[in-house]
Amino acid sequence: MEKKSLWSFGTREVVYAAIGAALYAVVSYLTNFLQIPSAGNVSFRPGVVIPIFFGVAFGPLVGFISGFLGNILGDLLSGYGFWFWWDLGNGLMGLIPGLIAGSLAGFRDGKSILSAEFFAILGIVLGMGLASLSEMWVSGADMATVIGANFIPAAVTNAVNALILLPILMVAYDAVVARSGR
Amino acid sequence: MLISWSYRPRQSLMERIDPRARWVFSFSYLFSITLFWDARFLAAFFLLGIVWYALGGVPWREARRAWMLVSFLLFTMILVNTLLTGGGAGGVVPAGGHRVWPEGISLPWGGVWNFGLTWERVWFALCQLLRISGISAVFIVIPFTMDPKLYGVTFRGLGLPDRFAYVVELAFRFVPTLARDFMITFDAQRARGYEIERAGRNPLRQIARIAPLLVPVTMNAILTGEDVANAMDLRAFGQRPRTWLYELRYRRGDYGLLVFSLLLLLISLFLRWRGYGQFWIPPWIG
């Protein structure tokens with residue numbers, strides 16, 4: 001069977017990107033009220049695992065769109081307005097774990113789960129790093145505030161959520177793949 | 001709980017404007033306003049944002065929740081980060097300045113609190129308020145005034161490739177369905193004795209307790225997605241340029257708005273290039 005390119009974007013990817021974005025929006029909407037005290041523009045979001053998982057399962061483009069569009073939709077639903085750089089940061093959080101989508105041995109395999117966790121953390125650090133830095137030119141904050149009030153709260157909570165929930169979703173997806181033969 | 005989009009037809013002036021022109025204006029406004037920290041420019045942008053918001057005709061009772069969330073965000077950003085700690089202003093406001101309480105604040109139980117708030121930081125907080133409120137006014141109005149069925153064709157019209165524009169279209173359609181699935185799963189799990197509150201105060205356990213909700217909804221959505229993808233493939237999705245159910249046509253006023261948006265951005269870039277628009281402190285503060 002011909003192996004699909006990591007960056008291909010066929011019908012399945014169109015549908016999964018839309019599902020990932022909608023799911024992320026819904027879960028974000030339900031948890032957006034959980035603002036982290038004294039952290040600017042940051043809420044506690046267990047849903048961050050969704051773009052990360054969709055990236056790992058379906059590739060970087062699906063992961064990116066799930067995070068980018070999902071964050072826009074979640075903010076539109078909640079009424080937060082539009083925060084382009086945070087949307088882009090969320091997109092990166094899905095894109096970077098998606099880079100290992102083609103090289104995973106399986107979704108239950110311990111080594112694959114560890115690789116996915118590693119790339120998830122990398123995506124979170126880069127994605128939230130970019131979004132937090134944007135506060136320097138959007139809100140006029142200095143580097144210390146950006147790190148203390150934006151980056152650390154966002155990156156740490158997202159990393160904890162991803163580290164706990166990503167393996168659970170991967171193992172569950174492995175069962176779905178095995179059962180359906182897809 | 002039902003999740004649905006906030007749009008309903010209001011016969012407002014904004015709804016007469018082509019959605020593509022509205023997005024172009026919104027992005028032009030966003031990128032232009034973020035070029036300035038001068039309160040005089042920001043006040044003009046703020047007024048423009050308020051006029052734009054008023055064109056939407058969104059009553060307060062509908063937008064109240066959105067403004068409450070923005071207010072909370074502003075509270076954190078301005079009161080905590082700028083006024084109390086000062087870090088939120090450190091990137092723009094020069095060090096030093098004129099203290100609001102030069103002698104400190106006398107505490108009722110004795111002693112003096114040497115609070116370092118300066119008038120420059122207060123002025124910067126006003127600038128932040130104008131900037132973030134202006135951006136919020138322009139973008140909060142979108143979901144209330146834009147028909148969800150037009151997002152796909154709008155972004156196609158703005159140059160997004162067919163497949164990506166269709167992702168936007170599909171995602172908007174999936175939101176209410178997935179929200180319903182989420183609530184059905186929540187009720188079903190509760191009927192089996194699931195209680196999210198039972199995890200206690202341990203945050204790690206609380207996160208893990210979300211899995212019985214998240215996993216079934218996600219896996220069910222993926223299985224549904226497979227069927228949707230097969231159905232789309234059977235209808236030869238993506239084999240030819242896509243036609244859209246709704247067609248958008250620019251009118252004279254839309255062209256006017258596009259030209260205005262372009263000018264707004266170009267003039268803003270020019271002014272910044274000439275050195276205008278940096279953080280400005282009124283002489284009476286000094």
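Here is the naming used below: chain letters follow the sequence lines, and residue numbers restart at 1 for every chain. Quick caveat: nothing in here was measured; it's all calculated off a predicted structure.
The two residues B:Val167 and A:Ala18 come nearest to each other via the heavy atoms O-CB, 3.6 Å. Across every non-hydrogen atom of A:Tyr29 and B:Arg65, the tightest pair is CE1-NH1, 3.7 Å. Nearest approach of B:Phe174 to A:Ala22, heavy atoms of both residues: CB-CB, 3.5 Å.
Using a 4.5 Å cut-off on side-chain heavy atoms (C-beta onward), A:Val15 and B:Thr224 make no contact. Under the 4.5 Å side-chain criterion, counting only non-hydrogen atoms from C-beta, B:Ile135 is not in contact with A:Trp83. Counting only heavy atoms from C-beta outward, the side chains of B:Ile222 and A:Phe53 approach each other to under 4.5 Å. Within the 4.5 Å cutoff, the side chain of B:Phe164 has no heavy atoms near those of the A:Val14 side chain.
Chain A forms more heavy-atom pairs under 4.5 Å with one residue of B:Ile142, B:Leu214, B:Thr34 than with any other, namely B:Leu214. For the set B:Phe182, B:Tyr166, B:Tyr151, the entry with the most heavy-atom pairs within less than 4.5 Å of chain A is B:Phe182. Ranking A:Ile168, A:Leu61, A:Leu169 against chain B, the residue ahead of the rest is A:Leu169, based on heavy-atom pairs under 4.5 Å. Ranked by heavy-atom pairs under 4.5 Å with chain A, the list B:Ile132, B:Asp233, B:Val70 is led by B:Asp233.
From B:Ile210, atom CD1 reaches atom CG of A:Leu165 across 6.5 Å, with rounding to the nearest 0.5 Å. Atom CG of A:Leu23 and atom CG of B:Asn220 lie 10.5 Å apart (nearest 0.5 Å). To the nearest 0.5 angstrom, A:Thr11 atom OG1 is 9.5 Å from B:Asn230 atom CG. Note that CG of B:Leu35 and CH2 of A:Trp137 are 12.5 Å apart. Values are rounded to the nearest 0.5 Å. Residue B:Leu178 holds its CG atom at 15.5 Å from OH of A:Tyr24, rounded to the nearest 0.5 Å. For the atom pair B:Glu226 CD and A:Arg12 CZ, the distance stands at 4.5 Å (nearest 0.5 Å).
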Determine whether B:Thr218 and A:Tyr173 satisfy the following criterion, side-chain contact (heavy atoms from CB on, under 4.5 Å), listing intermediate values before the conclusion.
CA-CA 9 Å; B:Thr218 309; A:Tyr173 183 60; over 6 Å; no

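Neither the backbone nor the side chain of B:Ser6 comes within contact range of chain A, judged by heavy atoms closer than 4.5 Å. Within the 4.5 angstrom heavy-atom criterion, atoms from both the backbone and the side chain of A:Ala172 approach chain B. Contacts of A:Leu77 with chain B are made by both backbone and side-chain atoms, with heavy-atom separations under 4.5 Å. Looking at B:Val141, there are no atoms closer than 4.5 Å to chain A (heavy atoms on both sides), in backbone or side chain. Only the side chain of A:Leu69 comes within contact range of chain B, judged by heavy atoms closer than 4.5 Å. In this structure, chain B has no heavy atom under 4.5 Å from any part of A:Val146. Heavy atoms of B:Leu30 lying under 4.5 Å from chain A belong exclusively to its side chain. Heavy atoms of B:Arg131 lying under 4.5 Å from chain A belong exclusively to its side chain. Both the backbone and the side chain of A:Ile19 come within contact range of chain B, each with at least one heavy atom under 4.5 Å from a heavy atom of that chain. For chain B, the nearby parts of A:Leu76 are the backbone and the side chain; heavy atoms of each come within less than 4.5 Å. For a residue to count as touching a neighbouring chain, one of its non-hydrogen atoms must lie under 4.5 Å from one of that chain's; by this rule A:Ile72 does not touch chain B.
For B:Arg173, the side-chain hydrogen bond (donor to acceptor under 3.5 Å, both in side chains) test picks out B:Glu169, with sequence neighbours left out.
Crowding of B:Phe75 atom CZ: a count of heavy atoms from other residues, nucleotides or ligands under 6.0 Å not exceeding 12.
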